Amino acid sequence: MIPSVSEFLTWILRENFRSGTYQGQGIGPHVVREELEKARAVGMPLRLHVLKQSRAIALYERLGFTRCGETPTQYWMAAV
């Protein structure tokens, strides 16, 4: 069986940084939720990478991301 093109496509979230002034206001989770909705609407997983010491890991896990790979300094995470 030949896989469909959509099986090879991935929605990637890049650079979800905010200055300290805007942290803790729910902006990050809002942006990630919006991108998740866009990816799901077209049937693609959303992937991102995060530094291993980042507090954002807990946020991403609450939003449905799971770890799917790692480097010495980062985790790769994905949500379907």
Side-chain angles (χ1 to χ4, degrees):
M1 176 155 77
I2 299 173
S4 67
V5 173
S6 64
E7 291 181 63
F8 295 102
L9 298 177
T10 300
W11 199 278
I12 299 176
L13 178 64
R14 297 182 54 108
E15 311 297 335
N16 186 20
F17 295 106
R18 289 158 323 282
S19 72
T21 305
Y22 297 102
Q23 290 180 353
Q25 297 182 24
I27 297 168
H30 177 75
V31 169
V32 176
R33 282 187 196 101
E34 282 190 349
E35 294 304 308
L36 271 170
E37 288 177 18
K38 291 176 188 176
R40 288 175 176 154
V42 295
M44 289 192 281
L46 178 61
R47 297 187 189 273
L48 56 83
H49 57 91
V50 60
L51 292 173
K52 287 184 173 180
Q53 71 272 19
S54 176
R55 295 181 312 181
I57 293 168
L59 163 68
Y60 296 138
E61 289 174 339
R62 280 194 310 272
L63 294 175
F65 285 84
T66 57
R67 297 175 196 183
C68 58
E70 66 181 277
T71 70
T73 60
Q74 298 175 334
Y75 291 119
W76 279 93
M77 302 184 81
V80 180

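No experiment lies behind these values; they were computed from the predicted model shown. In this chain, residues are counted from 1 in sequence order.
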| field | Residue pair Phe65 / Val32, side-chain heavy-atom distance below 4.5 Å | value | yes
| remark: With sequence neighbours left out, the residues meeting side-chain contact (heavy atoms from CB on, under 4.5 Å) with Leu51 are Gln53, Ser54, Gln74
| query | Does Glu37 have any side-chain hydrogen bond (donor to acceptor under 3.5 Å, both in side chains) partners at least two apart in sequence or in another chain, and if so, which? | reply | none
| query | Which pairs with one or both residues in residues 71-80 pass salt bridge (Lys or Arg N to Asp or Glu O under 4.0 Å), sequence neighbours excluded? | reply | none
| said: Within this structure, what is the OH-CG distance for the pair Tyr60 and Leu46, rounded to the nearest 0.5 Å? | reply: 9.5 Å
| note | For Val50 and Met77, the nearest pair of non-hydrogen atoms, with its separation, is CG1-SD, 3.8 Å
| request: Kindly state each residue pair satisfying salt bridge (Lys or Arg N to Asp or Glu O under 4.0 Å) with at least one member in residues 64-80, sequence neighbours excluded. | output: Lys52-Glu70, Glu61-Arg67
| task | Please tell me if the side chains of Leu36 and Arg40 come closer than 4.5 Å, counting only heavy atoms from C-beta onward. | result | yes
| request: Please name the pair of heavy atoms, one in Ala79 and one in Gly64, separated by the smallest distance, quoted to 0.1 Å. | output: CB-O, 3.8 Å
| Shortest non-hydrogen contact from Leu59 toward Pro29 | CD1-CG, 3.7 Å
| query | For the side chain of Arg47 and the backbone of Trp76, is there at least one donor-acceptor N/O pair under 3.5 Å apart? | reply | no
